[in-house]
Amino acid sequence: MAFNYHPSIPFLAPFPPLFLLSLGVFLLQGMDDQCTQFNHIDLLKDRPTHLLVFMQHVFLQFDPAPLLCYLHADLFRTLSAKETKKQFVEFYNTFLDKGAVSPKIGAHSLAFTTTSDRNRPDLLSEETQRRYAQEVQSMQASEVAKQLEDFRQKRMMGMTPNEAELNDVESHYPTDRIPMEMKEKSVAENLLDKMSEMHQSIFSAVAFYMKHLGVKTRAVDSKKSKGGFFRSKLVKVNIDFLIPLPLASFFSFEGPILVPEAPGHSPTSPSPQLEEMDPRLLEFEHDPPNWRELACPEALSCLSKKEIKRQEVINELFATEHAHVRMLSVLQMVFSKPLEREELLTSTELATIFPSLDEIHEMHYNFYENLKKLRLEDNFIVKSISTTVLNRFGGTEGEWFQKLTARFCSHQTWALDQIKSRQKKEPRFNSFIQEAESKPQCRRLQLKDIIPIEMQRVTKYPLLLENIAKNTEDLAEKEKIKQSAECCRKILNHVNDEVKEMENLLNLKDYQRRLDTSGLKPSTELYAEYKNIDLTLKKMLYEGPLTWKVTKEKAIEVQCVLLGDLLVLLQKQDDKMVLKCQSKSNIAVQEGKQMLSPIIKLDSVFLREVATDRKAFYVIFTWDSGAQIYELVAQSVGERTIWTNVIKSAVDDLKKSGAPMRLPLPLGAGGVPLSPST
């Protein structure tokens, strides 16, 4: 979906890209140009769902601290004297102290009266504490207002997250049983729980504020959500006077911030030093100015409303490509190259975790440069963009883009698993990753949050281009942009297929690792045929839980795996996945006769409905001398339909091909076999 993103915020990770994309299209069809709740931050304080949606937009696009600082300062208006004394210390340590993440305040803007005021904020009077909090809040007001304005503009273009939740609240008809306030809090609690996997310090700050609005969360302990939100990875220093640091120093890609090491820092821990910065990338240290600030005022005044919207989306394409190149640079300069330099990973291992990263970075950088050239040539009011985007996503260049992106994204799940595993097993590796993640270039994102950025970027292109086409008057230009959008959609579909195929392979590898075939021994013939079966040589088409009704009295929960030529019924026993023969009587088990195999060959299978159970279906396996009937029960009617459709499709494909389906193993950079496939 076309999120204005700070790349790769983790609470977005669970949503499939196609779902996000289709949701974005829905938003475009029904978006109203006005939303009064978002006209001022004060209007959001009583609307927790709306406030959380706005927060998510800010976290994706901007520095989060000004908004969080504004909201936490606002709490002092309602706190009691005792609570004010207690919370001001946390507020001071979080937002004002030099060792904390500070709001954008000049050194002259806020002055303490005495040195003791600075060193012991807990000794300040309640009145003084409230005054300082109000001063800090007022200094953040203009920044928060800009963020709200950006949200309103992007929402009109269908580029803000969680619109479905807003629609759920706004379309609710209040009743005595479920008043609007209850509905708002209920949806907000679900949203807040989804955010729990984002960076803990930011989430704690959000959860603490939402608690005061009556929105609870199960994700954190209440004690952990109090104060100290941003201090865990920062080093305290002694100061003679209060000089708040600019927020950009901590949240923007603005070069190294040298912080003294804390006492007890291990000298054996490798330090992720910064690579020599490529001169081309210096401009990415700062966000690009908006096109309106650079365009000629006279030319702006002549633009129609539709053309202004068109230019806004083009600017969004440019700005988010800028942000994407910056985060790819972080993967290169903060993680990939230092990991190799410190000999924590070999070049082959890096090629499997960050496959084709250098080529992907160069590809996006060149696209960004072409967009920038258009802006400069047209004095920031872009006349024609169709050739540039079609050259990027169509033809041989589009095929190259598709190949590189599919390779990188398909290994995303495996890469995250490898990083997590190494962090648990290797202290040096874990120390390096933690120190690298604390760098300002990462913008408080962890490596597991940054790796998915390419997948998110590919998801965003089709909607952006469709939005540009929608607001383009010239028919030839419009058609070429639509063609580019269709190319992007095909690329996205291919990448999704590659990602799913790799995930299936990884699941098969896990099943193979845990596979126990000893349960086939009662049938000598079956055991001889399948004791050494290798599931990873097959292509997995679908999987999921089913109930295998052996008899009316005997039902077994199984994990059913549909392969190209087999239907496999696995039983979970502790950590093992067991292939076990079943029989309708104990006598048959003892004699090894009339066994029901947990492996069903699809070349002689057909399906029938179960008249007495809409969630069940029969799989009938036939051979020359007889047949076996399996009754399988899905968890829902819809899931039953899916199972019958995919099995029928697999049987038809098998009959057409005349051979089992095999999964070609992908190759890594330089033709080296990738670890997930070995």
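With rounding to the nearest 0.5 angstrom, the CE atom of M327 is 5.0 Å from the CG atom of L445. I419 contributes atom CD1, which lies 8.5 Å from atom CZ of F335 (distance to the nearest 0.5 angstrom). Taking CZ of F429 as the start and CD of E342 as the end, the distance is 12.0 Å to the nearest 0.5 Å. Note that the CD atom of E165 and the CG atom of D168 stand 7.5 Å from one another [nearest 0.5 Å]. From E543, atom CD reaches atom CE of M540 across 4.0 Å, with rounding to the nearest 0.5 Å. Residue K521 holds its NZ atom at 6.0 Å from OG of S518, rounded to the nearest 0.5 Å.
Counting only heavy atoms from C-beta outward, the side chains of Y530 and T517 never approach each other to under 4.5 Å. Put simply, the side chain of V633 does not reach to within 4.5 Å of the side chain of F617, judged on heavy atoms. Between I353 and H411, every side-chain heavy-atom pair lies at or beyond the 4.5 Å cut-off. Side-chain contact check for R326 versus R443: some heavy-atom pair is nearer than 4.5 Å. The side-chain heavy atoms of L602 and L566, taken from C-beta on, include no pair separated by under 4.5 Å. Using a 4.5 Å heavy-atom cutoff, the side chains of K601 and F621 are in contact. In this structure the side chain of C581 reaches within 4.5 angstrom of the side chain of P598, judged on heavy atoms. Looking at V561 and Y542, their side chains never come closer than 4.5 Å, going by heavy atoms from C-beta outward.
Using modelled atom types, no side-chain atom of N467 and backbone atom of L463 make a donor-acceptor pair closer than 3.5 Å. At distances below 3.5 Å, not a single donor-acceptor pair connects side-chain atoms of R428 with backbone N or O atoms of L344. Panel note: side chain T413, backbone E503; no donor-acceptor pair is recorded below 3.5 Å. A donor-acceptor contact shorter than 3.5 Å links the side chain of S329 to the backbone of V325. The backbone N or O of S597 sits less than 3.5 Å from a side-chain atom of Y630, completing a donor-acceptor pair. Distance alone, capped at 3.5 Å, places no donor-acceptor pair between the H57 side chain and the V53 backbone. Side-chain atoms of R640 come within 3.5 Å of backbone N or O of R614 as a donor-acceptor pair.
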May I have the step-by-step check of side-chain hydrogen bond (donor to acceptor under 3.5 Å, both in side chains) for E557 and T547, ending in yes or no?
CA-CA 5 Å; E557 300 301 320; T547 300; 3.1 Å; yes
Could you walk me through whether H324 and Q456 pass side-chain hydrogen bond (donor to acceptor under 3.5 Å, both in side chains), step by step?
CA-CA 10 Å; H324 187 60; Q456 295 178 2; over 6 Å; no
Would F354 and L339 count as a side-chain contact (heavy atoms from CB on, under 4.5 Å) here? Give the steps.
CA-CA 11 Å; F354 307 115; L339 280 167; 4.3 Å; yes
Step-by-step side-chain contact (heavy atoms from CB on, under 4.5 Å) determination, E639 to W643:
CA-CA 6 Å; E639 189 67 18; W643 270 111; 3.6 Å; yes
side-chain contact (heavy atoms from CB on, under 4.5 Å) evaluation trace for L416 with Q412
CA-CA 6 Å; L416 294 173; Q412 174 180 305; 4.2 Å; yes
Audit row: V619, L632, side-chain contact (heavy atoms from CB on, under 4.5 Å) steps and yes/no:
CA-CA 8 Å; V619 177; L632 301 176; 3.9 Å; yes
Should E321 and Y461 be marked as a side-chain hydrogen bond (donor to acceptor under 3.5 Å, both in side chains) after you check the CA-CA gap, both sets of side-chain angles, and the distance that decides it?
CA-CA 10 Å; E321 192 69 19; Y461 285 130; 2.6 Å; yes
Apply salt bridge (charged side-chain N to carboxylate O under 4.0 Å, His left out) to E397 and R392, showing your working.
CA-CA 6 Å; E397 284 297 313; R392 171 66 278 161; 3.3 Å; yes
List the steps and the verdict of salt bridge (charged side-chain N to carboxylate O under 4.0 Å, His left out) for D510 and R513.
CA-CA 5 Å; D510 181 58; R513 178 183 61 82; 2.7 Å; yes
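Atom CD of E525 has 12 or fewer heavy atoms from other residues, nucleotides or ligands within 6.0 Å. A 6.0 Å sphere centred on CD1 of I629 holds no more than 12 heavy atoms belonging to other residues, nucleotides or ligands. Taking a 6.0 Å sphere around CD of E529, one finds it holds more than 12 heavy atoms contributed by other residues, nucleotides or ligands.
K580 approaches Q571 most closely through the heavy-atom pair CB-OE1, 3.4 Å. For the pair A188 and T49, the tightest heavy-atom approach, listed with the atom from each and the gap, is N-OG1, 3.3 Å. In this structure, T459 and M455 approach most closely via the heavy-atom pair OG1-O, 2.8 Å. Across all non-hydrogen atoms, the minimal contact from S410 to R407 is OG-O, 3.1 Å. The two residues C442 and V334 make their nearest non-hydrogen contact at SG-CG1, 4.2 Å. Contact detail for S336 and L350: the closest heavy-atom pair is O-CD1, 3.6 Å.
Taking 4.0 Å as the cut-off between side-chain N and carboxylate O, R489 and E466 count as a salt-bridged pair. Between D565 and K538 a salt bridge is recorded (basic side-chain N to carboxylate O distance below 4.0 Å). R422 and E349 are joined by a salt bridge, as a carboxylate oxygen and a charged side-chain nitrogen come within less than 4.0 angstrom of each other.
In this structure, D358 has no salt bridge (charged side-chain N to carboxylate O under 4.0 Å, His left out) partners at least two apart in sequence or on a different chain. Scanning for salt bridge (charged side-chain N to carboxylate O under 4.0 Å, His left out) contacts around K576 gives D516, with sequence neighbours left out.
Residues F401 and F393 place their aromatic rings such that the two centres sit under 6.0 Å apart.
Side-chain contact, R457 with T320: a donor N or O sits under 3.5 Å from an acceptor N or O. Checking T405 against E454 by side-chain atom types alone, a donor-acceptor pair falls below 3.5 Å. Checking K490 against Q402 by side-chain atom types alone, no donor-acceptor pair falls below 3.5 Å.
Applying side-chain contact (heavy atoms from CB on, under 4.5 Å) to L515 and the options D534, I533, V568 leaves one that passes, I533.
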